[in-house]
There are 2 protein chains.
Amino acid sequence: MSKNCRFAVAVHVASVLALNGEAPCTSEWIAGSVNTNPVVIRRILSALAKAGLVTSIRGSAGGSVLARRPETITLLEIAQAVDEDGGPALHHQKPNPLCTVGRGIQPVLAGIIQRAEAAREAVLGQTLLSEVIHAIQVEAG
Amino acid sequence: MSKNCRFAVAVHVASVLALNGEAPCTSEWIAGSVNTNPVVIRRILSALAKAGLVTSIRGSAGGSVLARRPETITLLEIAQAVDEDGGPALHHQKPNPLCTVGRGIQPVLAGIIQRAEAAREAVLGQTLLSEVIHAIQVEAG
DNA sequence: GAAACCGTAACCGTTACGATTACAAGGAGA
DNA sequence: TCTCCTTGTAATCGTAACGGTTACGGTTTC
């Protein structure tokens with residue numbers, strides 16, 4: 001599956017924003033919580049803003065705030081905002097059409113992979129950011 | 001998700017082997033159907049053999065055959081044989097434990113990702129290689 | 001012994017990622 | 001207006017993974 005941690009960072013960012021409420025968070029402060037570089041956070045924030053999940057305020061005393069209530073944001077929206085790549089890849093080269101398998105496998109596999117991804121996304125689509133925040137608070141004590 | 005096409009190639013390889021029945025297939029012949037290098041196929045075959053799905057015969061007139069009937073092989077077994085990487089990644093660095101989110105997010109996210117992956121794997125676990133072969137034959141005409 | 005085949009190590013070019021630096025643009029306050 | 005502070009984005013670097021390829025040793029058949 002995906003080898004990047006953008007989804008994990010994006011949920012982390014959204015959780016920090018949600019816990020801060022109306023107060024804008026700077027990318028530097030969020031980076032301190034995620035333990036990475038502020039530019040990495042800004043790239044994530046940019047993707048979340050394009051998806052309408054986050055609003056960024058430029059200038060001094062600026063920062064980012066959640067654009068919607070945590071009860072209305074699913075993890076699927078966050079995942080789709082930062083992870084444009086959809087599902088496992090098919091063949092690099094086109095299979096040999098002279099072979100029965102080579103001729104017919106690609107649409108069959110595409111359908112199966114799509115169904116598997118849909119099942120995975122259903123779980124993310126049913127998980128709300130507010131639930132994640134609650135679980136984090138329970139976990140962190 | 002995963003950016004490699006090993007799963008697609010592995011299903012392709014297994015389908016070719018299944019359609020050839022008892023007759024061993026050489027890696028070069030399979031490579032001709034997949035349209036890639038024989039060594040790439042041998043690497044996939046090696047992983048499938050370690051999972052007990054394929055038997056390889058060395059020496060002249062050698063090749064590979066399916067070790068089990070296609071009705072008893074699920075796509076999940078094939079995926080796990082060639083894709084050791086499990087699910088999306090968490091953070092690169094450990095989050096800051098001084099932050100509530102940093103302290104609690106990792107186990108929460110791990111649980112959610114695991115549930116999402118389980119849903120995806122359930123679909124693959126219910127799909128049999130024999131069904132794939134049938135669909136390929138219908139598709140290829 | 002020769003030929004055919006598997007198994008694997010080694011290497012190359014490409015691609016993607018996270019991290020970092022640098023800089024332009026925007027906005028608040030002195 | 002001037003000065004910070006912040007976002008936004010481009011450019012670059014090092015690393016890691018992947019597919020493709022060559023090479024070579026081991027194995028089996030003829």
Side-chain angles (χ1 to χ4, degrees), chain A residues 1-10 12-13 17 20 23-32 34-51 53-65 67 81-86 88-95, chain B residues 1-10 12-13 16-17 20 23-32 34-51 54-65 67 81-86 88-95:
Chain A
M1 314 324 151
S2 66
K3 176 167 68 306
N4 62 19
C5 56
R6 281 202 289 258
F7 173 62
V9 174
H12 191 141
V13 168
L17 295 186
N20 262 53
C25 293
T26 70
S27 61
E28 191 170 359
W29 158 249
I30 305 175
V34 177
N35 198 13
T36 184
N37 193 285
V39 177
V40 174
I41 301 298
R42 272 179 257 166
R43 282 199 282 246
I44 300 286
L45 283 168
S46 177
L48 293 175
K50 274 175 190 150
L53 301 176
V54 152
T55 304
S56 288
I57 308 157
R58 304 179 66 152
S60 180
S64 298
V65 292
V82 299
D83 231 36
E84 64 293 342
D85 147 29
L90 291 180
H91 301 57
H92 270 187
Q93 317 284 345
K94 273 231 170 286
Chain B
M1 310 321 150
S2 66
K3 169 170 75 303
N4 61 20
C5 57
R6 280 201 290 256
F7 173 63
V9 173
H12 191 142
V13 167
V16 169
L17 294 186
N20 263 54
C25 293
T26 70
S27 61
E28 190 169 0
W29 158 247
I30 305 175
V34 177
N35 198 15
T36 184
N37 193 284
V39 177
V40 175
I41 301 298
R42 271 178 261 168
R43 283 199 279 245
I44 299 286
L45 282 169
S46 177
L48 293 175
K50 274 175 190 151
V54 152
T55 304
S56 288
I57 307 157
R58 303 180 68 154
S60 181
S64 297
V65 292
V82 299
D83 231 36
E84 66 293 343
D85 149 29
L90 290 181
H91 301 58
H92 269 187
Q93 318 286 345
K94 272 232 170 283

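Order of the sequence lines sets the chain letters (A, B, ...), proteins ahead of strands, with each chain counted from 1.
- Across all non-hydrogen atoms, the minimal contact from A:Ala10 to A:Leu48 is O-CD1, 4.3 Å.
- B:Thr26 is linked by a side chain to side chain donor-acceptor pair (under 3.5 Å) to nothing, counting only residues two or more places apart in sequence or in another chain.
- The two residues B:Pro24 and B:Ala61 have their closest heavy-atom pair at CG-O, 4.5 Å.
- Contact between the side-chain N/O atoms of A:Thr26 and the OP1/OP2 oxygens of D:dT6 is not found at any separation under 4.0 Å.
- In this view, A:Lys50 satisfies the side chain to side chain donor-acceptor pair (under 3.5 Å) rule with no residue, not counting sequence neighbours.
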_Contact pattern, 5' to 3', of nucleotides 16-24 of chain C - B, S or - by protein heavy atom under 4.0 Å_ = SSSBBB---
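- Among residues two or more places apart in sequence or in another chain, the side-chain contact (heavy atoms from CB on, under 4.5 Å) test is passed with B:Ala51 by B:Leu53, B:Ala81.
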_Full working for side chain to side chain contact (heavy atoms under 4.5 Å, CB included) between B:Asn4 and B:Val82_ = CA-CA 10 Å; B:Asn4 61 20; B:Val82 299; over 6 Å; no
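- Listed pair B:Ser46 / C:dC6 fails the phosphate criterion, with no side-chain N or O lying under 4.0 Å from OP1 or OP2.
- Comparing the local axis fitted to the first five base pairs of the helix from C:dG1-D:dC30 to C:dA30-D:dT1 with the one fitted to its last five gives a bend of 10°, rounded to 10°.
- Nucleic acid contact for A:Ser64: none, since no nucleic acid atom lies under 4.0 Å from a heavy atom of the residue.
- OP1 or OP2 of C:dG7 has at least one side-chain nitrogen or oxygen of B:Ser56 nearer than 4.0 Å.
- Contact between B:Asn35 and A:Pro95 at its shortest, heavy atoms only, is CB-CA, 4.4 Å.
- In this structure, the CD1 atom of A:Ile30 is 12 Å from the C1' atom of D:dT7, given to the nearest Å.
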Could you pull out all donor-acceptor pairs under 3.5 Å where a side-chain atom in residues 38-47 of chain A meets a protein atom, sequence neighbours excluded?
from	atom 1	to	atom 2	distance (Å)
A:Arg42	NE	A:Ser27	OG	3.2

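- Rounded to whole angstrom, the span from the CH2 atom of B:Trp29 across to the P atom of C:dC5 amounts to 13 Å.
- Protein atom CZ of B:Phe7 is 16 Å distant from nucleotide atom P of D:dC18, rounded to whole Å.
- When the P atom of D:dG19 is taken as reference, atom CD1 of B:Ile44 falls 7 Å away, rounded to whole Å.
- Residue B:Ser60 places none of its side-chain N or O atoms closer than 4.0 Å to OP1 or OP2 of C:dA3.
- Using a 4.5 Å cut-off on side-chain heavy atoms (C-beta onward), A:Cys25 and A:Ser64 make no contact.
- In this structure, A:Ile57 reaches the sugar-phosphate backbone alone: every heavy-atom distance under 4.0 Å involves primed, P, OP1 or OP2 atoms, never a base.
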